S.K.: 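Sharing a structure with you now.
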Amino acid sequence: MNDSLRKSALVTGSTSGIGLGIARALARSGVNVMLHGLGDPAVNEELRRSLEAETGVTVRLHDADVARSDEVARLVADTEAAFGAIDILVNNAGIQYVAAVEAFPPERWDAIQDIVLNASFHAIRAALPGMKRRRAGRIINLASAHGLVGSPFKSAYVAAKHGVLGLTKSVALEVATLNITCNAVCPGYVRTPLVEGQIAAQAEAHGLPPERVLREVMLVAQPTQRLIEVEEVAALVVYLCGDAARSITGAAIPIDGGWTAR
Ligand code: NAD
């Protein structure tokens, strides 16, 4: 296909975990992808190169720090310059921190709001004018089961993810007649480096081996009793990007093994 006819996607936080799975699935479906995230530049460049070689689409790499609004604006502008358009925006970059409210370091609270909620706002704000001009677009925000229900010791994350759902609804309503959809995907526990880190932290906190933490602490909330795989979340995102999903907007879609059915 002529590269200028391809759709293009910006997936934030796509050098690891769910974002990488989404970037891979979009690239495999023929979409040019801006891979983005922190980490070892040489490792990320190898990810970029191998994804491009495997799929034949154009894959670029960006390392903007989305905790800063000016960096988010630069990321969006560079992606539009690289591909001519952002047809699909996936706000996925995220971090976690676990502590009781009164022991929660204010700078960790701020970082979570900046990276999870504020960065989504800044990216949508910057990408929407192009989508509106083209009267087409797909915005998918990676929220969480923690966007729908709370858990102790995750106040910053739960607050930010609930905020993401509010942002999703408002944006969806503003652009509903313009062939632009905005939805939130709400996973339960997915097997990624972020969750592996939580298992290790909880193992230390509870003085338990990691397998018992997984079974007796984390998967207690998830009725299917297994971690969700990255590919399952990626397939849902690809579906939301297609024409068949044009009437789904403003939705918060759980993919949580029954967590929020309780
Ligand atoms: P991960 O730690 O594997 O990947 C996070 C990505 O975000 C990485 O690419 C990292 O470089 C990037 N990132 C983090 N801070 C950044 C910053 N300041 N600037 C630029 N990039 C930054 O995480 P994951 O588990 O794949 O989670 C991805 C998203 O899915 C997050 O929003 C997370 O909250 C959400 N989520 C994850 C789970 C889960 O169980 N893993 C469940 C529900 C929701």
Side-chain angles (χ1 to χ4, degrees), residues 10-25 33-41 43-44 47-48 51 61-76 78-79 90-98 107-108 110-120 122-123 140-149 151 154 156-165 167-168 184-202 214 218-219 221-222 224 226-234 236-237 252-257 259-260:
L10 166 58
V11 185
T12 71
S14 49
T15 53
S16 170
I18 295 172
L20 179 56
I22 292 169
R24 189 171 278 135
V33 171
M34 179 62 88
L35 211 56
H36 159 264
L38 307 178
D40 185 334
V43 172
N44 292 344
L47 275 178
R48 188 206 66 75
L51 193 55
L61 177 64
H62 210 291
D63 66 354
D65 176 0
V66 296
R68 292 178 39 189
S69 60
D70 58 334
E71 287 273 288
V72 179
R74 188 170 65 86
L75 171 61
V76 170
D78 288 352
T79 307
V90 184
N91 287 305
N92 166 81
I95 57 167
Q96 175 63 283
Y97 192 86
V98 179
E107 60 280 8
R108 298 313 302 165
D110 288 344
I112 289 176
Q113 306 314 315
D114 284 343
I115 293 167
V116 171
L117 178 56
N118 298 343
S120 301
H122 292 301
I140 291 126
N141 300 319
L142 256 291
S144 167
H146 282 125
L148 296 163
V149 296
S151 283
K154 295 183 176 174
Y157 186 83
V158 169
K161 293 295 188 185
H162 274 69
V164 166
L165 295 195
L167 174 67
T168 301
V185 167
C186 302
Y189 284 119
V190 184
R191 192 189 311 280
T192 70
L194 185 144
V195 161
E196 307 283 1
Q198 279 187 56
I199 295 169
Q202 299 249 18
L214 188 58
M218 298 181 73
L219 291 181
Q222 202 151 293
T224 49
R226 60 167 186 79
L227 288 176
I228 298 152
E229 301 300 333
V230 159
E231 291 72 18
E232 299 173 59
V233 182
L236 174 58
V237 170
I253 304 170
I255 172 163
D256 64 3
W259 182 328
T260 54

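Every number for a ligand or one of its atoms is a count from 1 in the order of the listing. Index from 1, following the sequence. Keep in mind that this is a model prediction, so the values were computed, not measured.
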S.K.: Look at atom 31 (C) of ligand 1 and find which of Asn92, Asp256, Leu142, Leu227 reaches it with the closest heavy atom.
M.R.: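 Checking each option, the heavy atom nearest atom 31 (C) of ligand 1 is found in Asn92.
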S.K.: Where does Thr192 meet ligand 1, judged by heavy-atom distances below 4.0 Å: at the side chain, the backbone, both, or neither?
M.R.: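 It is the side chain that gets close, since no backbone atom is under 4.0 Å.
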S.K.: Is there a nitrogen or oxygen of Ala145 sitting under 3.5 Å from a nitrogen or oxygen of ligand 1?
M.R.: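 For ligand 1, there is no N or O atom that lies under 3.5 Å from one belonging to Ala145.
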S.K.: Ligand 1 and Gly13, any nitrogen or oxygen pair closer than 3.5 angstrom?
M.R.: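 For ligand 1, there is an N or O atom that lies under 3.5 Å from one belonging to Gly13.
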S.K.: Quick check on Gly188 - does any of its heavy atoms sit under 4.0 Å from an atom of ligand 1?
M.R.: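 Within the 4.0 Å threshold, so yes.
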S.K.: Is there a heavy atom in Pro193 that sits closer than 4.0 Å to ligand 1?
M.R.: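 Heavy atoms of Pro193 do come under 4.0 Å of ligand 1.
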S.K.: Among protein heavy atoms, which sits nearest to atom 43 (C) of ligand 1, and what does the distance come to when rounded to 0.1 Å?
M.R.: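 Answer, as residue, atom name and distance: Pro187 O, 3.3 Å.
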S.K.: Any idea which part of Lys161 is under 4.0 Å from ligand 1, heavy-atom wise: side chain, backbone, both or neither?
M.R.: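 Side chain only.
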S.K.: Can you check whether Ala156's main-chain N or O pairs, donor with acceptor, with Gln113's side chain at less than 3.5 Å?
M.R.: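 It does hold such a pair.
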S.K.: Ignoring hydrogens and angles, tell me if any N or O in the side chain of Thr15 forms a donor-acceptor pair with the backbone of Asn44 under 3.5 Å.
M.R.: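 No.
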S.K.: Measure Ala143 to ligand 1 on non-hydrogen atoms and call it side chain, backbone, both or neither using the 4.0 Å cut-off.
M.R.: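 It is the backbone that touches ligand 1; the side chain stays farther off.
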S.K.: Check each heavy atom of Ile115 against ligand 1 and say whether those closer than 4.0 Å belong to the side chain, the backbone, both or neither.
M.R.: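 Looking at Ile115 and ligand 1, just side chain atoms fall under 4.0 Å.
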S.K.: Does any N or O in the side chain of Thr260 come within less than 3.5 Å of the main-chain N or O of Ala145, such that one atom is a donor and the other an acceptor?
M.R.: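 Not confirmed, Thr260 side chain does not pair with Ala145 backbone.
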S.K.: Can a donor-acceptor pair be found, under 3.5 Å and without considering hydrogens, that links the side chain of His162 to the backbone of His146?
M.R.: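 Answer holds: yes.
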S.K.: Is Ile95 touching ligand 1 with its side chain, its backbone, both, or neither, if touching means heavy atoms under 4.0 Å apart?
M.R.: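 Contact part for Ile95 vs ligand 1: side chain (C-beta onward).
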S.K.: So which atom in Met218 and which in Val195 form the shortest heavy-atom distance, rounded to 0.1 Å?
M.R.: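 Shortest heavy-atom contact: CE-CG1, 4.2 Å.
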S.K.: How far is atom 2 (O) of ligand 1 from its nearest protein heavy atom, and which residue and atom is that?
M.R.: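 I find the closest protein heavy atom is Leu194 CB, 3.5 Å.
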S.K.: May I ask you to identify the nearest protein heavy atom to atom 13 (N) of ligand 1, giving residue, atom name and distance to one decimal place in Å?
M.R.: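 Protein heavy atom at minimum distance: Ala93 CB, 4.1 Å.
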S.K.: Once you restrict to heavy atoms under 4.0 Å, what part of Ala64 touches ligand 1? Side chain, backbone, both or neither.
M.R.: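 Backbone only.
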S.K.: Checking the N or O distance criterion of under 3.5 Å, is ligand 1 in contact with Leu38?
M.R.: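 Yes.
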S.K.: Please check: side-chain N/O of Gln222 versus main-chain N/O of Tyr189, any donor-acceptor pairing under 3.5 Å?
M.R.: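 Between the backbone of Tyr189 and the side chain of Gln222 there is a qualifying donor-acceptor contact (under 3.5 Å).
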S.K.: Hey, are Thr168 and Asn141 close enough side-chain-wise for a donor-acceptor pair under 3.5 Å?
M.R.: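 Side-chain D/A pair, Asn141 to Thr168: present.
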S.K.: Report the distance from atom CG of Leu10 to atom CG of Leu35, rounding to the nearest 0.5 Å.
M.R.: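 Taking CG in Leu10 and CG in Leu35, the distance rounds to 10.0 Å.
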S.K.: Does some non-hydrogen atom of His36 fall short of 4.0 Å from ligand 1?
M.R.: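 It does, in that a heavy atom of His36 comes within the 4.0 Å cut-off of ligand 1.
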S.K.: Considering both backbone and side-chain atoms of Ile18, is one of its nitrogen or oxygen atoms within less than 3.5 Å of a nitrogen or oxygen in ligand 1?
M.R.: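 Right, the criterion is met.
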S.K.: Ignoring hydrogens and angles, tell me if any N or O in the side chain of His36 forms a donor-acceptor pair with the backbone of Gly13 under 3.5 Å.
M.R.: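 Side chain of His36 to backbone of Gly13, a donor-acceptor pair under 3.5 Å: yes, one is there.
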S.K.: CD1 of Ile112 to CG of Asn118: how many Å apart, nearest 0.5 Å?
M.R.: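 These two atoms lie 12.0 Å from each other.
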